[in-house]
Peer 1: 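Take this structure first; my questions come after.
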Amino acid sequence: MAPSAIATEPTSALEGFLTTTFDDTLRFYLNGTRVVLDEIDPEVTLLEYLRGIGLTGTKLGCGEGGCGACTVVVSQYNPTTKKIYHASVNACLAPLASIDGKHVITIEGIGNVKKPHPAQERVAKGNGSQCGFCTPGIVMSLYALLRNNDAPTEHDIEEAFDGNLCRCTGYRPILDAAQTFSVKAKTNGCAMSKENGGSGCCMENGNGGCGGGKAEDDQPIKRFTPPGFIEYNPDTELIFPPALKKHDFRPLAFGNKRKKWFRPVTLDQLLEIKSAFPQAKIIGGSTETQIEIKFKALQYPVSVFVGDIAKLRLYEFKEDHVEVGANITLTDLENVSLEAVKHYGEAKAQIFTAIHKQLKYFAGRQIRNVGTPAGNLVTASPISDLNPVLMAADAVLVAKSLGKETELPMADFFQGYRKTALPQDAILASIRIPLTKEKKEFFRAYKQAKRKDDDIAIVTASLKVRLDDSGVVEAANLVYGGMAAWTVAAKTANAFLVGKKFAELETLEGTMNALEQDFDLQFSVPGGMASYRKSLALGFFYRFYHEFMQVLGGQADAEAIDELEREISFGKEDKDAAAAYVQETVGKSNPHVAALKQVTGEAQYTDDIPPMKNELYGCLVLSSKAHAKLLDVDFSPALEIPGVVDYIDKNDISAKANRWGAPHFEEVFFVEDEVFTAGQVIGMVLATSAARAAEGARAVRVEYEELPAIFTIEEAIEKESFYSFFKEIKNGDPEEAFKTCDYVFTGVARMGGQEHFYLETNAAIAIPKPGEGEMEIWSSTQNPNEAQVYAAQVLDTQSNKVVVKVKRMGGGFGGKESRSVPLSSYVAIAAQKTKKPVRCMLTREEDMMTSGQRHPFLGRWKVGVNKDGKIQAVDIDIFNNAGWSWDLSAAVCERAMSHADGCYRIPNFHVRGRLCRTNTMSNTAFRGFGGPQGMFIAETYMSEVADRLGIPVEKFREINMYKALEPTHFNQPLTDWHVPLMYQQVQEESTYAARREAVTKFNAEHKWRKRGLALIPTKFGISFTALWFNQAGALVHIYHDGSVLVAHGGTEMGQGLHTKMTMIAAQALQVPLESVYISETATNTVANASATAASASSDLNGYAIYNACAQINERLAPYREKLGPNATMKELAHAAYFDRVNLSAQGFYKTPEIGYTWGANTGKMFFYFTQGVTAAEVEIDTLTGTWTCLRADIKMDVGQSINPAIDYGQIQGAFVQGLGLFTMEESLWLRNGAMKGMLFTRGPGAYKIPGFRDIPQEFNVSLLKDVEWKDLRTIQRSRGVGEPPFFMGSAVFFAIRDALKDARREYGVVPKSAEDVKKDGENSEDDGLLRLESPATPERIRLACVDPIMQRARVLPKEGEKSFFIAI
């Protein structure tokens, strides 16, 4: 996005109010080069500036500092530490005013493809980059760590990425690459050594060694550079520019009619500005303000950046307190806290231990590097991590205004929701944090969130109790965040405690009762989770009480004290998996062909394409109602905004062209008369900058008449809101079989949806070609063919005049298969109308509201089983939440139906599928495409039935598992069936039986900690279920110099498709891999291509390329014979060219044999099945619902791997994405209020995907080997790998369920036996069976527990009362 061009206003206009003389010029260094700016757009962020000048390696991922894609390093002199500090920061939040006098380093500044930085090279060669969109930010976080600490420990490395997200890799290869820089005080300095818990150092693996030596006196030693890698030498880094050491920090002021910026450098200057402009917004890190500007459209006409006032960042240790500057960065406050503990001792510095603990998990490092305690305090968030600590500590805030200083006790600071006692003309200057007494005073802080790292709290607590010499409570301050609209003290509990003898159990019980009074939450409480929040409030005090009792030497529940912590993660891959079939090129673990481009920021994505002359930017106008009649739309206010040029809506295309979405064409590009979902597109505003377009879109006036809306599957079933779709698969006679079964059980499996959260949002650029009516479209799409078809439709032209191109995508996962089509169509309409290029990249919020998610599913099942554990019959009704339009919901439902058998032979099987019509966004394709939902239903009934029978579920699975050549419920025999073999291998390789014994012992010995194990198989059918999509084309050119250009119909979204395709071409043509190049995917090179989806792209496009190469090889055969076997391709091409032989070929392939007939239940549905088995072990803290995956062992049958490194990356990434679906990713809608019916979880702040420290602590992956694939007739006998491993993530869910069963058994809650159910019937209220919905969030985990604390915390709804959020 280019900065908008707005003339700046002379600063003299500002100086009339103030005595200070202000400069209006920014001076800083950028990648070692001095930059002077005197015309500055005050509304531009650092990211917009960088991308505007062509440094597009820094990416826009979310715009709220939650994903780390925009990470850059800002080097500066730190007045707190008096040292140079290299701060990783979120460029999307950083105002330009913050970089004066500093050195900004971007990904381009540290290395390039020809000369990469060691961090770039190791991430690339270590397969740590797939789609590559997140990679520059991740590399810059690693670079920042190395600049500040050239000998980081393993812990430093593990924690360095807490502000970065990746959706592709599963994090393991990134961590492995990063750990090559770490230092370990052991015999072998390599963190990858087996001694150090790794998979094996190169020396241990016989590759010549990395030179590890003994550490003298057990001191840490530097890791030696792994062979083949650039050595890391800190002395060669970009120096901090000497000129900046002498930089004259002058007061700055710049702005225009809309906004003014001040940058004072002294406290007096700041107070003068605040006196003249009391409404001025004080900016420290801009971590909250930029979000308010971007997402809430708040305007701050006067902003003051205070980050360069040294006085506000100092600290001083005093006799009874520490005084810290209120604008000290949170990173510095972390270090000050550690220093305070050393200075005063642990007993007196308990508050600082608590501060450090809370800050460790506060946001990400990039936020902590700029965020400040003053910002935390003044924004007055009800879920702040830091504010409860300061309040419980009885800290005093020092506020200053011109000529006045005021002390504000923390107890009185918060006065309401987002309201404080700070006078309007004052600023927070410092915070006085007292010390704790050396004895008899106890202070602790706690936090619970959905995810450990970089997550907003659900509940935080800071608890302080002081006793007199007789053990009586002298003072108590229990303070909570997340329990009210602002940080509050538990007044009833505090009052109760004072005067009580702490060690008496009545004190604990009485305090718990008082806390229940203090926090008597209603079921419909804002923020939801009433029972969970209440249980946390009680649980935190319970933990605190027993830790204090332990310190006092009294009787304590010691096990409740320690919180769940992770160890350093590690893992291994079987590097020899392809040894039996490796060839010159295929079978080798080559890095992603674009990896070096991606790690250096040189890889170009759609929005990185340089802006063209007169280019316009589009911004969507979205409906704000979930279901309504559209009464009026008025674009005129938008057209009054400077920079807004035009708009498009339904009136710019014909009614027929407005309809899309085969085969029903019921979806509209633009709303016509009725809105069916919040986020439906009404129009698009076009302007000269993205910011002006967004402002214009907000200005459009829309009038609605609201109509009743439906959100959940249950509502849709109740109101019979379905699409006209019904499919069934019936095999055998389940109804008859049920009559003869020993037992019949019923149940419901329910799972939520999932946001794709590709790091690159949907983006498109349309370029009109004058004269001929042609249109060129660059789009971030998995489906260029469909983008072409609908662009031609809306442009009222032929497809041959529309060319759609895709260079690469920053992730797709199915979300850009069909839902990318509207955006490319909109920019095409706009480009045609204005005759100018038009660009649009959706914000994260827009993308999440409009692009659809994985379908939520509900399965009502009935299972007939005999006493021997053999299932005789299954009957299932499957419902998916399709959303407001058909999209691909029917095909998703069909795949779920075909996978509802799991891996189990069930002789009598009947499954029916329906699509629910609701008022959510239109749900769509997502990795697995219904398969994981179908298999989840299967594993749910397997788990619940096994519990009823009293059979270990692992045994129950084995009893019912398919055998080779047995037919599925859709009558397809299972050939090359290796699941039973892998089921045994995984158990042996993971020592599953021994670990099961260990888990049983552990659970018997622990009340608040439980471990669980699960062993989950998968089979995933490979083929599009729509027969006609199973085809592909390719084009291969050989040039005079012997280089090869390949084009195929598949798109590269990070899955390594182009890498595999170049390997296939290189192998087929017998040329070096570097001779083969794939430029882009385009509709004018390969026409009518199927979407890159269904895990079939390597099969289809690989064979098409092979077919083209075979044609060329046939033509070159005479020349090979003539010139000999050692002839190069250059020599062969020359000879053939001079003989006028065609050196180009078009290849084609269609999948043979397949073609299933619904109803008749005949024909082959899938060409083959990719298979796998996973064992997972978890540990849960039942007091809070926190969990960690201790270990996962995955084994996949991918046939003969074309590239094991790519396949391992796909397996790891799919597993972690699946782990996210089944444990933490939860989409929520608002039930009431002004935003009723809108998606609440529409960014990384509220929607949590797994982070670096959510992956298994031990993460092992292997490929099946030493078997024969007799029936596999794919390219190189490989299997599709993109989607099949996804369901393996469910092993963590079922391991959590396993642990919860023991947690419930602790309190006598066990499932009714099969015989009791047969006698008494099923009763879901009190039958003891654990029914766990997906995702198994910490909230659901805690609510599944039945301990006394949880039972007393349960909040029941009053009649008609509903929860705050809607979970669909």
Peer 1: Would you say the side chain of Ile1368 lies within less than 4.5 Å of the side chain of Ile713, judging by non-hydrogen atoms?
Peer 2: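 Side-chain contact under 4.5 Å: no.
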Peer 1: Assess whether a salt bridge exists between Lys739 and Asp733, defined as any Lys/Arg side-chain N lying under 4.0 Å from an Asp/Glu carboxylate O.
Peer 2: no
Peer 1: If I compare all heavy atoms of Val953 with all of Ser943, which pair ends up nearest, and what's the gap?
Peer 2: CG2-CA, 3.9 Å
Peer 1: To the nearest 0.5 Å, what is the distance between OG (Ser1313) and NZ (Lys1319)?
Peer 2: 8.0 Å
Peer 1: Between Phe1166 and Phe970, is the ring centroid distance below 6.0 Å?
Peer 2: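 Centroid distance Phe1166-Phe970: below 6.0 Å, so yes.
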Peer 1: Report the residue from Asp1197, Thr1170, Asp976 that forms a side chain to side chain donor-acceptor pair (under 3.5 Å) with Arg1279.
Peer 2: Asp1197
Peer 1: Any chance you could lay out the salt bridge (Lys or Arg N to Asp or Glu O under 4.0 Å) test for Asp877 and Lys862, step after step, and finish with the verdict?
Peer 2: CA-CA 9 Å; Asp877 280 298; Lys862 182 178 179 182; over 6 Å; no
Peer 1: What closest approach, in Å, do Thr940 and Val748 show between heavy atoms, and which atom pair accounts for it?
Peer 2: CG2-O, 4.5 Å
Peer 1: With the threshold set at 4.0 Å, does a side-chain nitrogen-carboxylate oxygen contact exist between Arg912 and Asp875?
Peer 2: yes
Peer 1: Between atom CD1 of Ile878 and atom CG of Leu915, what is the distance when rounded to the nearest 0.5 Å?
Peer 2: 11.0 Å
Peer 1: For side chain to side chain donor-acceptor pair (under 3.5 Å), just list the numbers for Thr746 and Glu1322, CA-CA rounded to whole Å, side-chain angles, deciding distance to a tenth of an Å, and then say yes or no.
Peer 2: CA-CA 8 Å; Thr746 61; Glu1322 290 181 289; 2.7 Å; yes
Peer 1: I'd like to know if Glu1283 pairs up with Arg927 as an ion pair, taking the criterion as any Lys NZ or Arg NE/NH1/NH2 lying under 4.0 Å from an Asp or Glu carboxylate oxygen.
Peer 2: no
Peer 1: So Trp861 and Val945, do their side chains get closer than 4.5 Å, heavy atoms only?
Peer 2: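 When only atoms from C-beta onward are counted, Trp861 and Val945 do touch, with a gap below 4.5 Å.
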Peer 1: Should the pair Glu1339-Lys450 be classified as a salt bridge under the 4.0 Å nitrogen-to-oxygen rule?
Peer 2: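 No, Glu1339 and Lys450 are not salt-bridged.
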Peer 1: Can any side-chain N or O of Tyr992 pair as donor or acceptor with the backbone N or O of Ala1175 at less than 3.5 Å?
Peer 2: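 It does not hold such a pair.
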Peer 1: Can you measure from CZ (Phe909) to CG (Asn731) and round to the nearest 0.5 angstrom?
Peer 2: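 Between Phe909 CZ and Asn731 CG, I get 9.5 Å after rounding to 0.5 Å.
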Peer 1: Of all residues at least two apart in sequence or in a different chain, which pass the salt bridge (Lys or Arg N to Asp or Glu O under 4.0 Å) check with Asp1254?
Peer 2: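 Not a single residue meets the salt bridge (Lys or Arg N to Asp or Glu O under 4.0 Å) criterion with Asp1254.
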Peer 1: Check the pair Ser1227 / Gln853 against side chain to side chain donor-acceptor pair (under 3.5 Å), numbers first and verdict last.
Peer 2: CA-CA 9 Å; Ser1227 295; Gln853 301 189 354; 2.8 Å; yes
Peer 1: Enumerate the residue pairs fulfilling side-chain hydrogen bond (donor to acceptor under 3.5 Å, both in side chains) with a member in residues 890-900, sequence neighbours excluded, ordered by first and then second residue.
Peer 2: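 Passing the test, one end in residues 890-900: Lys727-Glu894.
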Peer 1: With rounding to the nearest 0.5 angstrom, report the CG to CG distance, Asp868 to Asp742.
Peer 2: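 Reported to 0.5 Å precision, the distance equals 7.5 Å.
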Peer 1: Test side chain to side chain donor-acceptor pair (under 3.5 Å) on Tyr743 and Asn866; report intermediate values, then the result.
Peer 2: CA-CA 6 Å; Tyr743 308 113; Asn866 285 342; over 6 Å; no
Peer 1: Hey, is Asp901 close enough to Lys1019 for a salt bridge, meaning N to O under 4.0 Å?
Peer 2: yes
Peer 1: Less than 4.0 angstrom from a charged side-chain N to a carboxylate O is my criterion; do Arg1009 and Glu1179 meet it?
Peer 2: yes
Peer 1: Under the side chain to side chain donor-acceptor pair (under 3.5 Å) criterion, do Gln1217 and Glu1225 qualify, and how do the steps go?
Peer 2: CA-CA 9 Å; Gln1217 204 173 54; Glu1225 297 183 43; over 6 Å; no
Peer 1: When you look at Thr712 and Arg750, which way does the side chain to side chain contact (heavy atoms under 4.5 Å, CB included) test go after all the steps?
Peer 2: CA-CA 11 Å; Thr712 68; Arg750 197 189 195 287; 4.3 Å; yes
Peer 1: Do you know which of Arg996, Arg1304, Arg1305, Lys1010 makes salt bridge (Lys or Arg N to Asp or Glu O under 4.0 Å) with Asp1298?
Peer 2: Arg996
Peer 1: Would you sort out whether Arg1354 and Leu1343 count as a side chain to side chain contact (heavy atoms under 4.5 Å, CB included), showing the intermediate values?
Peer 2: CA-CA 8 Å; Arg1354 292 193 194 279; Leu1343 265 58; 4.1 Å; yes
Peer 1: Dump the intermediate steps for side chain to side chain contact (heavy atoms under 4.5 Å, CB included) on Arg957 and Ile1016, then the final yes or no.
Peer 2: CA-CA 9 Å; Arg957 290 187 179 107; Ile1016 301 292; 3.2 Å; yes
Peer 1: Could you grab the distance from atom CZ of Phe857 to atom SG of Cys916, nearest 0.5 Å is fine?
Peer 2: 9.5 Å
Peer 1: Looking at every heavy atom in both Asn923 and Asn881, which two are closest together, and how far apart are they?
Peer 2: ND2-O, 2.8 Å
Peer 1: If the threshold is 4.0 Å, N to carboxylate O, is there a salt bridge linking Asp947 and Arg1331?
Peer 2: no
Peer 1: Considering residues, nucleotides and ligands other than Glu720, do more than 12 of their heavy atoms fall under 6.0 Å from its CD?
Peer 2: no
Peer 1: Testing the basics here: between Met1350 and Ser535, what is the closest heavy-atom pair and its distance to 0.1 Å?
Peer 2: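 For Met1350 and Ser535, the tightest heavy-atom pair comes out as SD-CB, 3.9 Å.
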Peer 1: Flag the pair Asn1260 / Arg1191 as yes when at least one side-chain heavy-atom distance between them is below 4.5 Å, and no otherwise.
Peer 2: yes
Peer 1: Do you know which two heavy atoms are closest between Leu1300 and Cys1345, and how far apart they sit?
Peer 2: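 Here Leu1300 and Cys1345 meet closest at CD2-SG, 3.8 Å.
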Peer 1: Can you check whether His855 reaches Ser889 side chain to side chain, under 4.5 Å on heavy atoms?
Peer 2: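 His855 reaches Ser889 side chain to side chain.
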Peer 1: Quick one: does Glu939's side chain get under 4.5 Å of Tyr904's, heavy atoms only?
Peer 2: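 Contact flag for Glu939/Tyr904 side chains = yes.
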Peer 1: Could you check Lys1362, Lys1358, Glu1361, Arg1231 and say which one makes a side chain to side chain donor-acceptor pair (under 3.5 Å) with Ser524?
Peer 2: Glu1361
Peer 1: Is there a side-chain contact between Ile710 and Lys719 (heavy atoms, below 4.5 Å)?
Peer 2: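 Yes. Closest side-chain heavy atoms under 4.5 Å.
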Peer 1: Looking only at non-hydrogen atoms, find the nearest pair between Gly869 and Ile951 and report the distance.
Peer 2: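 Where Gly869 meets Ile951 most closely, the heavy atoms are CA-CD1, 4.0 Å.
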Peer 1: I would like to know whether Phe936 and Phe1293 meet ring pair (Phe, Tyr, Trp, His ring centres under 6.0 Å); could you show each step before the answer?
Peer 2: CA-CA 10 Å; Phe936 178 76; Phe1293 174 94; 5.2 Å; yes
Peer 1: Please check this pair: side chain of Arg533 against backbone of Gly528, looking for a donor-acceptor N/O pair closer than 3.5 Å.
Peer 2: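 It does hold such a pair.
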Peer 1: I'd like to know if the side chain of Thr1188 reaches the main chain of Leu1190, judged simply by a donor and an acceptor atom lying under 3.5 Å from each other, with no hydrogens or angles considered.
Peer 2: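 No, the answer is negative, given that no donor and acceptor are paired below the 3.5 Å cut-off.
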Peer 1: Less than 4.5 Å apart, any side-chain heavy atom of His1006 and any of Arg1011?
Peer 2: no
Peer 1: Using the rule given for side chain to side chain contact (heavy atoms under 4.5 Å, CB included), can you reason through Arg905 versus Lys870, listing the C-alpha separation, both sets of side-chain angles and the distance that settles it, and then say yes or no?
Peer 2: CA-CA 9 Å; Arg905 169 66 179 151; Lys870 286 288 282 183; 5.6 Å; no
Peer 1: Do Ile1296 and Phe1222 come within less than 4.5 Å of each other through their side chains, counting heavy atoms only?
Peer 2: no
Peer 1: Nearest 0.5 Å please: distance from the CD atom of Glu1177 over to the CZ atom of Phe1002.
Peer 2: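 The CZ atom of Phe1002 is 9.0 Å from CD of Glu1177, to the nearest 0.5 Å.
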